[in-house]
2 protein chains.
Amino acid sequence: MRAVTPVKHPGGSFLVTRTGAGRRVALVWSGSRTDAVRSRCRRFNDIGPEVWAVVRASSVKDVAALAGVSLGTVSNVLNRPDRVSPATRSRVEDAMRELGFVRNESARQLRAGHSRTLAYVLLDARNPFFTDVAEGAERAAEAAGLSLFLCHSDNRASREGDYLAHLVEQRVQGILVTPVDPHATVLDDVRRNGTPLVIVDRTRDDGAFCSVAVDDVLGGRLAVEHLVERGHTRVAFIGGPDTIGQVRDRLEGARAAWADAGLPDDQLTVVPTDGLTVVEGRSAGERLMGIGTRRRPTAAFCANDLLALGLLQQLSTSGATVPGDLAIVGYDDIEYAAAAAVPLTSVRQPRQELGRRAAELVLDEATNPDHVHEQLVFTPELVARRSTFS
Amino acid sequence: MRAVTPVKHPGGSFLVTRTGAGRRVALVWSGSRTDAVRSRCRRFNDIGPEVWAVVRASSVKDVAALAGVSLGTVSNVLNRPDRVSPATRSRVEDAMRELGFVRNESARQLRAGHSRTLAYVLLDARNPFFTDVAEGAERAAEAAGLSLFLCHSDNRASREGDYLAHLVEQRVQGILVTPVDPHATVLDDVRRNGTPLVIVDRTRDDGAFCSVAVDDVLGGRLAVEHLVERGHTRVAFIGGPDTIGQVRDRLEGARAAWADAGLPDDQLTVVPTDGLTVVEGRSAGERLMGIGTRRRPTAAFCANDLLALGLLQQLSTSGATVPGDLAIVGYDDIEYAAAAAVPLTSVRQPRQELGRRAAELVLDEATNPDHVHEQLVFTPELVARRSTFS
DNA sequence: TTGTATGCGTTATCAA
DNA sequence: TTGATAACGCATACAA
């Protein structure tokens with residue numbers, strides 16, 4: 001079998017085709033007439049008994065030549081087929097098939113001034129919350145005939161910055177981003193450049209951007225109200241670091257509900273963590289179980305489900321029962337929450353809806369001259385499951 | 001605060017700026033001199049007392065004009081700064097800052113013939129296996145100075161096809177893909193067009209593509225050998241549908257190990273599922289526990305960890321213990337496997353390594369004329385945890 | 001060291 | 001209905 005190796009070369013995209021030994025030139029271009037290919041040869045390169053032929057990817061010009069029409073007609077077939085007579089159209093379409101023509105999006109975009117893509121720069125691809133948001137955005141993009149590219153910043157500001165810069169250079173239609181820091185100037189840089197940007201799952205007080213978020217204070221309140229209703233009077237809040245707005249807000253809501261119930265401050269313990277992961281949840285569990293049974297909280301509210309799952313696992317390892325020894329409320333209601341060994345009570349956020357609305361907002365900003373920025377705040381709801389019902 | 005709304009318009013990327021009521025034209029362009037902006041005005045649009053000014057995004061030409069140099073010099077500052085005298089260079093850089101110049105990647109790409117991006121089209125963004133593969137690819141891309149875009153096909157052939165077509169039109173440097181069907185002709189279409197493509201976690205027997213995969217037959221064998229060593233003589237294989245190559249291979253390995261151990265065929269039960277998800281795992285658990293205790297398997301080998309987690313949850317709900325009533329081996333060793341209520345024994349695949357090597361292969365195909373396709377097969381290993389140790 | 005001219009592939013306008 | 005032509009923004013070869 002002949003090796004057919006595509007390479008890239010200044011001036012276009014090329015196909016390199018190699019002959020068998022002995023022959024000088026062989027143009028391998030599956031399904032095409034040799035002469036059509038030969039016209040696109042740029043460079044022949046002798047290497048001993050073999051010869052490389054460098055072939056440009058076919059363009060509208062090549063198609064026009066093969067079909068015996070003008071370049072403008074080919075473009076018409078592509079963009080306004082109704083303006084072309086059926087006979088010539090099918091001749092052009094045949095030529096396209098024969099040459100394996102694919103429209104060059106860079107050229108189209110250069111001409112059109114905009115691309116046909118959205119992007120979502122997300123913090124943590126391993127957290128199902130973000131992939132669910134992405135799914136919602138994906139569907140909205142699909143409905144608008146656009147593609148959605150996902151970029152994983154992995155919680156690193158430098159990577160986030162690289163991605164944002166690249167996307168702006170690409171002139172994407174719009175960017176959704178869950179930023180490492182919503183107040184970082186990189187976001188302003190994007191917008192100064194005219195690329196619509198929507199902040200997802202974070203907000204900024206200055207109203208400079210559209211954003212979609214969930215009322216985390218209310219979420220924290222719902223969680224703790226539920227625990228108070230279930231009769232708990234010693235509760236732990238597990239989460240951190242408090243540089244994360246979500247964590248601060250959920251704790252604030254928790255404290256408000258606690259105060260409203262007339263319970264003493266010191267019976268709402270804060271167990272800080274260094275992140276919102278399963279591993280951190282286990283470590284928090286160890287610390288929690290280290291407290292003497294008399295003073296130990298009877299319930300825990302975790303700042304997200306991953307923490308809650310880690311906590312659950314730690315308890316199960318150490319022989320404690322849920323909710324008998326400790327009731328648990330998580331946050332996010334990811335798929336694994338319902339599927340945990342003890343199904344988790346959790347605060348649900350409308351994740352797909354978040355993504356969908358974010359995509360719609362960014363498209364509005366991209367296309368509607370009368371666009372005004374909106375900060376949408378969604379309402380969370382508590383989903384009660386076995387982890388809080390003995 | 002004035003509304004500054006970016007819009008898109010044929011002919012370039014634009015910023016629309018709106019005046020306050022009463023004045024006719026206001027050019028809002030933060031940090032720029034008004035005259036520099038005015039030169040880029042294209043269209044003024046009276047709407048009652050307000051006026052829209054349509055402003056083109058700045059190009060090298062604008063920068064050159066503002067800096068008082070030629071367009072070529074600006075390009076040199078961008079691409080070969082050493083060829084420019086320090087004085088002019090700083091003048092040009094000032095102008096760039098002032099105009100908020102951002103290189104137009106479409107134009108650069110059109111000229112260069114290739115982009116600076118890779119893409120990974122993955123099956124299921126919710127499955128941590130794929131995000132870990134993506135992370136490995138991401139790092140390799142970063143090392144090569146490229147960006148990696150993630151595209152989520154969500155197991156749908158049509159969406160996969162849309163993404164592949166779009167990526168080919170974009171002339172990305174290379175595509176990694178875990179395809180819905182590795183033998184589908186869409187993959188051949190991509191390559192016929194000269195875009196390097198590497199198949200991830202699947203293989204194709206015809207050697208038409210590079211691929212990276214893991215020896216699933218060996219993985220199945222390892223799982224069952226482990227269970228046999230632990231003394232199990234009635235084992236269930238849980239997984240499906242068997243249209244998935246992985247499922248077939250893992251079962252094949254399981255059967256081979258079973259036969260090698262001299263155990264009777266009918267004591268290796270197959271419990272088919274409709275997918276590899278947590279929900280399917282629970283449903284399989286129900287069926288399994290429906291078998292009378294005398295004939296019921298004492299161990300289960302699940303085709304992936306999500307199934308195993310679902311199974312585990314089902315057992316725990318119904319009061320059965322793991323591994324006492326049923327030992328469990330999963331596959332993939334995702335993070336949640338170790339973090340499960342009963343830590344899961346699982347077959348680990350070198351996920352990040354898979355992604356890294358795939359990215360390297362696609363870059364080799366893109367840049368090395370002597371590239372030959374390689375089908376890499378990695379070796380899995382068994383990670384023993386509590387779910388198989390009573 | 002800097003400037004000029006050309007082409008990348010596409011689309012749209014206008015003339016035939 | 002079709003064809004010729006001019007941009008879009010950038011990078012480079014070559015001329016000054």
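In the text below, chain A, chain B and the rest are named by the order of the sequence lines, each starting its count at 1. Only a predicted model underlies this, so the values are computations on that prediction, with no experimental measurement involved.
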Rounded at 0.5 Å granularity, tell me how far OG in A/Ser115 sits from NE2 in B/His166.
6.5 Å

A/Met96 atom CE is separated from C/dG9 atom C1', nearest whole Å, by 13 Å

Please determine if a side-chain N or O atom of A/Ser70 lies less than 4.0 Å away from the OP1 or OP2 oxygen of D/dG3.
yes

B/Ser85 vs C/dT2: side-chain N/O to OP1/OP2 distance below 4.0 Å
yes

Which nucleotide in the set D/dT2, C/dT11, C/dG9 lies at the smallest distance from any side-chain heavy atom of A/Val84?
D/dT2

For the pair made of CZ in B/Arg171 and C1' in C/dG9, what is the distance, rounded to whole Å?
9 Å

Would you say the base of C/dT10 and the side-chain of A/Arg111 have a donor-acceptor pair closer than 3.5 Å?
no

Closest-nucleotide 5' rank along DNA chain D - winner of B/Gly72 and A/Leu71:
A/Leu71

Whole-Å distance, B/Asn104 CG to D/dA11 C1', equals 13 Å

Can you figure out which of D/dA11, C/dT10, D/dG9 approaches the side chain of B/Ser75 most closely?
D/dA11

N-O pairing of B/Glu93 and B/Arg97 below 4.0 Å:
no

Closest to the B/Leu110 side chain: C/dT10, C/dC8, D/dT2?
C/dC8

Note: B/Arg89 and B/Val77 closest approach over all heavy atoms is CG-CG1, 4.1 Å

Output yes when B/Glu138 and A/Arg159 qualify as a salt bridge under the 4.0 Å nitrogen-oxygen rule, no when they do not.
yes

Could you pick out which residue, A/Phe101 or B/Gly68, lies toward the 5' side of DNA chain C when each is mapped onto its nearest nucleotide?
B/Gly68

Parsed dot-bracket for DNA chain C after applying the Watson-Crick and G-U rules with both distances under 3.5 Å and | for other-strand partners is ||||||||||||||||

Length of the CG-C1' vector between B/Asn76 and C/dT2, whole Å
8 Å

Whether over 12 other heavy atoms sit under 6.0 Å from B/Arg83 CZ
no

Base, sugar-phosphate alone, or nothing: which one does A/Val69 contact when heavy atoms must sit under 4.0 Å apart?
sugar-phosphate

Under 4.0 Å from OP1 or OP2 of C/dT11: is there any side-chain N or O of A/Asn79 that close?
yes

Rounded distance in Å - CZ (A/Arg116) to P (C/dT10):
15 Å

OP1 or OP2 of C/dT2 less than 4.0 angstrom from a side-chain nitrogen or oxygen of B/Thr88, does that happen here?
yes

Parallel, tilted or perpendicular: which fits the ring planes of A/Phe149 and B/Phe149, with parallel below 30° and perpendicular above 60°?
parallel

Rounded to whole angstrom units, what separation is found between the CD atom of B/Glu105 and the C1' atom of D/dA11?
13 Å

Would you indicate what A/Arg80 reaches in the nucleic acid, counting non-hydrogen atoms under 4.0 angstrom: base, sugar-phosphate, or nothing?
base

side-chain contact (heavy atoms from CB on, under 4.5 Å), that's the test. Do B/Leu167 and B/Val121 meet it? Break it down for me.
CA-CA 10 Å; B/Leu167 293 168; B/Val121 183; 3.8 Å; yes

Please determine whether a side-chain nitrogen or oxygen atom of B/Thr73 lies at a distance below 4.0 Å from atom OP1 or OP2 of C/dG3.
yes

Whole-Å gap separating P (D/dG9) and CD (A/Gln170):
16 Å

Distance check: side-chain N/O of A/Arg103 vs OP1/OP2 of C/dT11, anything under 4.0 Å?
yes

Do the side-chain N or O atoms of B/Arg83 get closer than 4.0 angstrom to the phosphate oxygens (OP1, OP2) of C/dT1?
no

Find the distance A/Asp82:CG to D/dT2:P and express it as a whole number of Å.
12 Å

To the nearest 0.5 Å, atom CG of B/Leu150 lies from atom CG of A/Leu122 at 8.0 Å

